[in-house]
Each structure stands twice: as C-alpha cells, then as structure tokens.
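For ligands, and for the atoms within them, numbers begin at 1 and follow the listed sequence. Every value quoted in this text rests on a predicted model; they were computed, and no experiment measured them. For reference, positions follow the sequence shown, starting with 1.
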Amino acid sequence: MEKEKSLQKAIALDQADPLAGFRQRFYIPENTIYVDGNSLGLLSKDAERSLHRVLNEWKTLGIKGWLDAERPWFHFAEEIGEMAAGLVGAEKNELIFTGTTTVNIHSLISTFYKPAGKRTKILADELNFPSDIYALEGQIRMRGLDPASELLLVKSVDGKTLDEEAIINMMTDEIALVWLPSVLFASGQLLDIERLTKEARQRDIPIGFDCSHSAGAIPHHFSQWGVDFATFCSYKYLNGGPGCSAFLYINKKHFDKTPGTPGWFGYVKEKQFDMLLDFEHAQSAGGWQISSPGILGSSTMEGSLRIINDAGIENIREKSLKLTSFFLELLQPLLDEKSYALSVATPKEPMRRGGHIALSHPTEALRITEALKANGIVPDFRAPDIIRIAPVALYNSFEEVWKVANILKEIMERKEYEKFGNQRKAIS
Ligand SMILES: *Cc1c(COP(=O)(O)O)cnc(C)c1O
C-alpha cells in the first residue's frame, strides 16, 4: 500500500515538473536508470549537433574555420565562457573554457600561491579529490618547499563531511592560499562558499574553489561573493562528454596578475599572431589559456550549455533538491531498519547538499552497487563505503528515483548483493 502511494506521488511530481520535457533532448542508455551524471553526464542531441557541425566545418573550411566557422574557433573559448558565465555568477571576461581541471589547478595555484615571510602554507581539506591534492603538493615542491609542512589539510570528524568553522579556524596568518571543493565528491556535502570566501578575504588570503561537482547543478555567485579564482570540469553535470575542456574563473581584480603557466593562447588576441617573444597576456580570464583549444572534443559544450540555459540553473537546482529530497524520504524506512546498516553520508539540510546522495554501508557498498547495476541502474561506488546516486534534473524523473529506492529495498531485503564478488573493476 505504502509502495503504491509513493508511486502515485512520484507520478504526480513528474506531471507537475516544468523540466520534464528536457529528458527528450538526451540519449538515455537503453533499459537503464542512469543516476551517474555526477561522474559522466549524458549526451544530448543538442551537443551531438554542435559536434557534427564543427566536424563538418573542419571538413569544408580547413584552417579557415578559425575565423569563418559559425562560431569562429579562434573565439570559441571566450564565447563558451560567456555562455556559462550565468551559471557561476561570473562577470564579463571572468570565465574561460580552457584546459582540464587539474591543469587549471596548476595554472591557478602557480599564479596565486606567493609564499612569503610567515605566510607560506596552503590550506586545503582531507576530503578533496585526490588530483587536487597531488597538484597542490606539486606546486609546493616546485617552490622548493615541503608539502609535509606547507600543505595543511582540514580534518573531517566523521570521515564524510567538513565543518566550515574548523576551516575558518585554520585560516591563520601562516596561510598563503586556500583551495577547497564546492561539493565534496564522495559525500556530496555543499560547502558555504560565500561564508568561506568572506572569512578568507577578511584575512587577505586568496581563496579558490574546485566546482567540478556543483557546476551545472547548483548556481554560484563568484563575483558577488568575491571568490578569487576557480575551475570546474564540464563532463559531470555540464554534460560536455568525456575529457571535454574545463572552465577557469579569474576575478577581474586579478586580471593584471601574471599567469603562472603562460602560453601563446593567453596572448592579447589582436596581437597573438604578431608572434612576439615578450609575453603580454589578455586582461581577462582568457589570459590564462595555454594552448590551442581542443575545438573538436569541446564543441559539444555549445549545445549542452544551450539546454542548461534554456532550463535555467535556478530551476535545475530546485528540481535537483526535490529529487534528492524525495529519494531521502523513500530511503527512510531502509535507514530505520538497523539490520541493513545503511546510512546517508550527505547532509540532510537541502542547503548543504550537492546534486547526489551518498549512501554508506560499512562492508557491502561495493556489492550493493554491483547488485544495483545488475538491476539496470547505473550508480557508482567510491571506496571504501560509498554508493553515489545522482538523480539529474535535466534527464532523470521522480519515477526513476522511486524505482531506484524500491530496487534497493529488495536488494537489502533479499541480501541480493551476496551473489556478487568483492572485486572492484578499474572504474566502478
Ligand atoms: C572530477 C573532478 C576532477 C577531475 O580532474 P580532471 O583533471 O578533469 O581529470 C578534479 N577535481 C574534482 C574536485 C573533481 O570533482
């Protein structure tokens, strides 16, 4: 009975959903409930069209495509940056479509990390994506310093979430730079970017964010908040496709800083082809470009952003929270059944949640993930104990969320996961 009632609720939520029609603009893998858009977003027809157009421009225009393509390749990175600016609250010229996340982190840290006097340390956190930490350590070593003493990682009390107060308490006069994620990739906690930025600014510490797990799912207001710099990938909630270029944000007050990893695509555009040896970077985020943009592999972004802008980032966030709230509501009976040992690592408060829900099981998370997959669901597993479920506003429905919750219930009731091995594939 309860099951029927919740299904009716799911159907009613879908009927009332103003974004329901967007699903038709995507390719959904057959017989699949895809709830892994926080890892790799799906292909849209719009993105496919822009890819085909660019491929055809190369075919018919050759090198002339740099200036004569429908969206001239020479200005593509700037134009896509402009198209995405509203998603993160970037002002004119503050956002560029370039590089990849980790490369951009190197570029940003090499620009903003100025260890001097007592201020030599970088403040980060122990729950960030490993690549971010590798990059920070590399940057510290490059200055001839030792990451063991110069990289301070804020500890997590529960191993899943961070306390903003603890981060702020570590913003001492020894800190030269702060680098944090917007949403933690495992637990899905959303940090209070506005508050953290304000506290860092008050102490004159430059602060930057990796928004790979929030861009396209959650609106940000970088400029208004005074964020100094940021980067985010485009293949998660932005649906750009595997390895698509990332975005790089520089607050306009820093346009005159010298890029730490300069390259010829950061040159003042009008003079780039003068091929002068004196580097003069564009007074915009574009000044932080390094190489020729990967036009083909990144052409998808144009179509993808059109969809996101059509839907509106505020509406996307509103639906995303409804989806995750509905999921949490359906999960409650499973969480209450203590013998299942399931818990939710994501904060309950909507304003502290990103776009996915992280379920946690002390011993069986991997095998439960395998059992979900055997039932046509695509979630993912993050070692050691997290199952991530991301119902994406643009292409997932409330009914799908209902199905995931009910299939999970059956898996737990019948201990279906016991059929699976504990051997993890290279990508799970
Ligand atoms: C996805 C993600 C990355 C990925 O880095 P790439 O350089 O794009 O492979 C880095 N950091 C965070 C926080 C991420 O979520």
Could you give the N/O to N/O pairs under 3.5 Å linking ligand 1 and the protein, each with its distance?
from	atom 1	to	atom 2	distance (Å)
ligand 1	7 (O)	Thr102	N	2.9
ligand 1	7 (O)	Thr102	OG1	2.6
ligand 1	8 (O)	Thr101	OG1	2.8
ligand 1	8 (O)	Tyr235	OH	2.7
ligand 1	9 (O)	Tyr235	OH	3.3
ligand 1	11 (N)	Asp132	OD1	2.8
ligand 1	11 (N)	Asp210	OD2	2.9
ligand 1	15 (O)	His213	ND1	2.9
ligand 1	15 (O)	Lys236	NZ	2.5

(message) Check this for me, if you would: do Glu165 and Arg195 make a salt bridge, where the nitrogen-to-carboxylate-oxygen distance has to be below 4.0 angstrom?
(response) yes
(request) Answer yes or no: is there an ion pair linking Lys160 with Asp385, defined by an N-O contact shorter than 4.0 Å? (result) yes
(message) Quick check on the 6.0 Å ring-centre criterion: do Phe112 and His254 meet it?
(response) yes
(message) Please tell me whether Trp264 and Phe273 form a close aromatic pair, meaning their ring centres lie under 6.0 Å apart.
(response) yes
(request) Output every pair passing ring pair (Phe, Tyr, Trp, His ring centres under 6.0 Å) with a member in residues 149-184, not counting sequence neighbours, ordered by first then second residue. (result) Trp179-Phe229
(message) Within the 4.5 Å heavy-atom criterion, are His213 and Asn38 side-chain neighbours or not?
(response) yes
